[in-house]
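These notes concern the structure reproduced below.
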Amino acid sequence: MRYILLFLLLHLYADVKAQQNDSLASVTVTAKDRSSFKADNVIEAGRIVMPLQVVDKKTIALLGSRRLDEVLREQTGLAVVSDLGSGNRSIGLQMQGFGSEYITVLIDGQPMAGRNNGNFDLSRISVAAIDRIEIIKGASSSLYGSEALGGVINIITRQYVSRRQALAFLSHGTNGTLDASIDAASPFGKGAAYLTGSYYRTDGFNVNPYLEKGSQTAPPYNSVGLQGRVNFRLNEVSTLYVSGRFAGRHSIMTRDYGARPSKDGLDENDLNGMISLDNHFAGGTRLIGRYYLTRYHSLQKVYLPHDGSLLQSDNYTEYVHRMEIQVSRDLWNKKLSVIGGAGGEHQSINAVSQGASGRFYNYFGFVHGHYAPFIKLGLTAGMRYDGNSLYGGRLNPSVGIRYMPSSWLMLKGGMGKGYRSPSYRQLYQVFTNILQGYTVIGANTFTEGVKELQASGLIEQVWPVASQVKDLRPETSTSFNIGWELTPVAKMKVDLSVFYNTIHNLINTQQVGIKTNGSQLFSYVNIARAYTKGIEAGIRWQPLKALLVTGGYQLLYAKDRGVIDSIRARAGQYDSVRSFPSPRPSSTSDYFGLPNRSRHMANLQVFYSFHRPGVDVSMRVIHRGKAGFLDTDNNGFIDPYDVFVKGYLLVNASLRKKLMKDRLTLQLTCDNIGNHTDYLMPAQPGRTIMAGVAWQFYGKKQNTDQ
Amino acid sequence: MNMRIYSLVMAGTLLLASCSKKNNRPEGQDGQSILISDLPGDTSATMADGGNNSFKNMYFSFTANEAVHIGEDDKKSLRWDLAFTGPYNAEIYVNSAANPYNPGYEGTGKGAIVQIDQPYDQVVTAPSDESFDASAVTKIGWDAGNGTGWFFYSLANHICVPIRNRTFVLRTAGGKYAKLEMINVYKGNPPVVTDLFWPAPYFTFRYYVQQDGSRNLQTK
């Protein structure tokens, strides 16, 4: 009993210090350390066989970033890229060459909703209440289910409240950007609670020289956010957690090229709520029951202000209700630790003009084991079954190994699978866009859909390519990763890993005919196969207590196998490149790779703390090599004669001073000091200077459970 | 500010001071050709209103070197050389009596088109009349993969991409020889369009008409 009590104590007031007694120390092992503990989730960082990178609160604070995209674009192998084909606001994260549609975004392990053609705009998330961010690279459906084909971003909100505290933060700077947040936390009786409120506004900015004054390439917006969690210990076994998050954003962007200026308005609301009951039974079994709800709503309109005519509009609502049970248990003298879980969710999507409406059930179950027969060796294996009411299901395994032959070397290897079932829209929906007049027919209902349209006299012609439209298979991915972690000298850690990801059965939109109104007729086909492979290297060196140097590099080859085959087969459009002065036959060496991917990306970060005046400085350099932008010769692939986004180097710096016994913090950040902008990167701001102030209040540390 | 920090920040600034650049592409003025920039087509029409038929034709004269108004009665005259028709006015006809889809059908125009996959400057001689008469190119529009036209349409990005190093040699309505390069349909003649709603159609193109009736199209 004392054991459990102590555990809970640790749970709530985790300021565990070294002087604590033996029994506590043993509990510490169970709970892992504070930096990786999750209050209401058994899937901890150590379970993940794919490469994991954690960005903690302290680092986020040092970077001076305010929105989630700003933090992530500084991480190795990650890029925030615009998807211009999906509209002016489409922006998403790219990881190991996987586009945003293959990266799952979670909050405390639960999926966040709301994507624009697969793109998840991370700028809608304030960093104010984030404790840390887990970045998992590679297919992870064995832990995170359908959709985690390329990677996972898991936002971990604050897990602990150790004492009464409050924080107020305000910063202001370039582009009329204002960021304010207020944060309060306190233990009470048998529980603890925190609440964070944030407000952010920006005027946006323009990096396109063809746009008139008063226009923006990145939208102006204001956003409010509220986030909190309450935990309450019901008895010696059970603790109840209730958490919630709300974020709203209002934005109107102007585009004026000197004729027919247009406005692009967006209103979005994002709600996440979770109730969980965490039980620690005598004997070490942990059982968590969770209910999660998320609702995302957005209303977007592109219109001409002079006559109010609409160019594009969408009204999108997505709901997810999810129930889940999780269990964890250590066996065999803690050499084997097992977690498992099962659950189901109901998802509904209503998208008025994207044609993506539908409602369905998903269900899943997973089991994972970690076996460490010796200290030097760890083996991880797991699997997860996911299915849904539209399509059926699939089992995804993963395996991993860690081996430490000596104190300065660790070898790691892992394999994971990813999968995504076709969506309702891709399977069954017949959708006609009112503004543009085109029609998309779901692949599994294609024959009937075409017949109906033909009967109504809407189809001019169905092309022979329509015979390729068959019942859709799920998209799948497989990731392999092998790495070394070296400690060549004290205080230096070097890691190097090789990754290889393949994706099969990618679902593409395919034009299959022409309608009588001259617009296109589309359906979906499973054709594309792609791979991304490369090397990731990192270094972390702390020669002095006050000095930390970190660096990272990613080499990436991301290619579509279909393109390579088509070039070899001299098929149709792939046959030539439009070289100067006249076109010539193509060869596979002309193929640069998937658009928007850079072969080289690198970063270097230097952090220094001047102890005496209480000043921290950081200086970061980020490089992104050239990336294909547009296939201008219509041969179906990016070749050297196409348009590229030029390679660039960004330099960011921050300066922080603490005063009055660390209660007052003054902060100055300057991002993109060189003011590098390119209109092919509409969301990359120029030089941005922000000045901020934070006031922190701490109550007394509580050493007893009331 | 602490000097050490200051010097760090300054070093970074200097390092990158020369990194920003603008993406402007000068279109060569060779002293002989005429460059027309941002000539508006029917900019008030949209595909949503009536699909392909909603754009009013726009006519251009190589004599006036500007857009001209052509009424129903003038269509069969020699008062115009190019007709910009179809969606976004992007399908271009040369005044010719021969083709039933040509606005000058059954009129007096002698127009014909030969497409050459070479840079404009390198096209120095017009081909023979037999080549013009045998040419299957009746209009200059969307190259949907058949190898004829002045622009591609990017299905991934939903934008028009003008085809580089492709020149159209023309026999004009009056029987003179000329060459034409279509450069852009988007306002401001940007090298790449980054916006689905970038205003169009605003035509940028250059041409050279050999006034002496010979086939010499040397402009450089």
Determine whether B:Val193 and A:Leu630 make a side-chain contact, defined as any pair of heavy atoms from C-beta on separated by less than 4.5 Å. no
Distance (rounded to the nearest 0.5 Å) between A:Gln573 CD and B:Asp143 CG: 10.0 Å
Segment of A:Tyr648 engaging chain B (4.5 angstrom heavy-atom cut-off): neither
Could you tell me if A:Tyr210 and B:Asp195 have a donor-acceptor pair between their side chains, going purely by distance under 3.5 Å? no
In terms of heavy-atom pairs under 4.5 Å, which option from A:Asn635, A:Thr509, A:Asn208 contacts chain B the most? A:Asn208
Contact part of A:Pro581 toward chain B, heavy-atom cut-off under 4.5 Å: side chain, backbone, both or neither? both
From OG (B:Ser44) to CG (A:Leu304), nearest 0.5 Å: 11.0 Å
Using only atom types and a distance under 3.5 Å, with no angle test, would you say the side chain of B:Lys187 pairs donor to acceptor with the backbone of A:Tyr257? yes
Determine whether a donor-acceptor pair (N or O, by modelled atom type, separation under 3.5 Å) exists between the side chain of A:Arg255 and the backbone of B:Trp198. no
Steps toward side chain to side chain contact (heavy atoms under 4.5 Å, CB included) verdict (A:Asp633, B:Ile163): CA-CA 7 Å; A:Asp633 54 0; B:Ile163 301 168; over 6 Å; no
As an exercise, state the distance from CZ of B:Phe197 to CD of A:Gln312, rounded to the nearest 0.5 Å. 4.0 Å
What part of A:Val207 is in contact with chain B, defined as an atom under 4.5 angstrom from a non-hydrogen atom: side chain, backbone, both or neither? neither
For A:Arg578 against B:Arg164, the heavy-atom pair lying closest together: NE-O, 2.7 Å
Using non-hydrogen atoms and a 4.5 Å limit, figure out which bit of A:Asp264 sits close to chain B: side chain, backbone, both or neither. neither
Let me confirm one number: the CZ-CD distance from A:Phe580 to B:Gln118, rounded to the nearest 0.5 Å. 10.0 Å
Mark yes when over 12 heavy atoms from residues, nucleotides or ligands other than A:Lys657 sit less than 6.0 Å from its NZ; otherwise mark no. yes
Checked A:Ser582, A:Pro261, A:Pro595, A:Ala259 vs chain B; the most non-hydrogen pairs under 4.5 Å come from A:Ala259
Do B:Val161 and A:Asn634 come within less than 4.5 Å of each other through their side chains, counting heavy atoms only? no
So which of A:Asp631, A:Thr632, A:Val606, A:Leu211 has the largest heavy-atom pair count under 4.5 angstrom toward chain B? A:Thr632
Please classify the contact of B:Tyr202 with chain A as side chain, backbone, both or neither, using a heavy-atom distance under 4.5 Å. side chain
So which part of A:Ser618 gets closer than 4.5 Å to some heavy atom of chain B, the side chain, the backbone, both or neither? neither
Distance (rounded to the nearest 0.5 Å) between A:Leu311 CG and B:Leu196 CG: 10.0 Å
